[in-house]
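Worksheet: the structure to be examined is printed underneath.
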Amino acid sequence: MAKTRQYWLMKSEPSAFSIQDLRKARGRTTCWDGVRNYQARNYMRAMKRGDRVLLYHSSADPPLLVGVAEVVREAYPDHTAFDPKHKHHDPKSRRDSPTWFMVDIRFSAEFKKPLALDSLRGVPGLRGMELLRKGSRLSVQSVRRDEWAVIMELAGRH
DNA sequence: GCCAACGTTGGC
DNA sequence: GCCAACGTTGGC
């Protein structure tokens with residue numbers, strides 16, 4: 001069966017975890033813990049090694065697409081949900097039946113010129129992109145191949 | 001700081 | 001199963 005690379009977008013608040021943090025991390029890799037939304041979780045469970053991830057800085061001024069990472073470990077239980085002292089603890093997730101999952105991603109590249117959210121509006125190829133939908137809050141999103149290509153073009157990465 | 005757009009919770 | 005109340009996200 002032909003394997004098709006998939007494309008995703010993941011949000012973080014740079015004050016909590018930024019692309020610079022990812023680049024400085026051991027192995028330039030981090031686990032993406034703390035996702036507590038079912039649709040976002042389902043997207044993470046669909047991720048495969050080698051999939052590409054757009055990194056987005058939310059609640060930044062301005063909000064920006066900042067670079068690219070790669071999925072290096074497929075979904076496994078998010079252990080922070082098991083820890084009663086942890087901020088993201090969730091008692092309904094149990095070790096023998098986990099509710100929440102995470103993946104590992106590795107830094108690939110930082111855009112020389114990050115793309116402001118505002119600058120993406122009105123780009124014909126991005127009409128309908130989840131990120132640009134009014135009220136879009138999902139912290140893990142699916143990105144279409146053609147949308148990915150447009151963004152790489154805009155970021156000067158052809 | 002405001003508030004729209006969610007997702008979740010829980011009473012009924 | 002409905003839906004009001006509540007909490008959160010995140011652009012502006």
Side-chain angles (χ1 to χ4, degrees), chain A residues 6-25 30-47 51-69 71 74-105 107-144 146-157:
Chain A
Q6 305 173 100
Y7 302 93
W8 309 96
L9 178 149
M10 288 169 135
K11 296 181 184 177
S12 66
E13 297 195 18
S15 58
F17 191 84
S18 69
I19 190 170
Q20 293 80 13
D21 294 327
L22 178 59
R23 194 181 47 204
K24 287 183 298 192
T30 190
C31 59
W32 205 260
D33 64 324
V35 171
R36 296 292 180 268
N37 169 285
Y38 286 100
Q39 192 178 348
R41 178 205 66 178
N42 293 344
Y43 279 150
M44 287 202 297
R45 294 183 77 169
M47 291 180 184
D51 283 359
R52 302 292 197 241
V53 180
L54 264 177
L55 296 175
Y56 176 76
H57 282 177
S58 62
S59 294
D61 188 18
L64 298 169
L65 286 173
V66 289
V68 177
V71 176
E74 296 175 10
Y76 59 105
D78 180 344
H79 56 80
T80 66
F82 305 140
D83 178 359
K85 293 186 205 65
H86 199 280
K87 183 183 178 218
H88 297 302
H89 176 237
D90 184 350
K92 74 172 165 291
S93 188
R94 295 179 293 115
R95 287 179 191 279
D96 57 357
S97 167
T99 302
W100 303 118
F101 290 79
M102 56 191 181
V103 296
D104 288 358
I105 63 169
F107 176 90
S108 298
E110 187 172 351
F111 295 151
K112 289 196 188 69
K113 293 196 66 179
L115 301 173
L117 179 64
D118 190 50
S119 73
L120 304 178
R121 300 191 189 281
V123 175
L126 300 181
R127 194 177 307 277
M129 190 179 176
E130 168 74 17
L131 184 69
L132 302 181
R133 240 193 57 236
K134 184 177 183 187
S136 167
R137 296 192 314 172
L138 203 55
S139 66
V140 179
Q141 303 179 358
S142 175
V143 175
R144 297 203 316 255
D146 57 304
E147 294 167 342
W148 181 274
V150 168
I151 287 162
M152 291 307 117
E153 182 86 18
L154 291 173
R157 298 182 55 76

Side-chain touch A:His57/A:Glu13, heavy atoms, less than 4.5 angstrom
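Of all side-chain heavy-atom pairs linking A:Glu13 with A:His57, none is under 4.5 Å.
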Between A:Met10 and A:Ser139, is there a side-chain heavy-atom distance shorter than 4.5 Å?
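No - every pair of side-chain heavy atoms lies 4.5 Å or more apart.
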Who are the side-chain hydrogen bond (donor to acceptor under 3.5 Å, both in side chains) partners of A:Asp83, not counting sequence neighbours?
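A:Asp83 satisfies side-chain hydrogen bond (donor to acceptor under 3.5 Å, both in side chains) with no residue once adjacent residues are dropped.
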Quick check with a 6.0 Å cut-off and a 45 degree axis cone: is A:Arg52 positioned over the face of A:Tyr7's six-membered ring?
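Pair A:Arg52/A:Tyr7 does not count as cation-pi.
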How does each nucleotide of nucleotides 3-12 of chain C score, in 5' to 3' order, for protein heavy atoms under 4.0 Å: base (B), sugar-phosphate only (S), or none (-)?
----BBBBSS
Pair A:Trp100 + A:Tyr38: ring centers closer than 6.0 Å
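Ring-ring flag for A:Trp100/A:Tyr38: true, centres closer than 6.0 Å.
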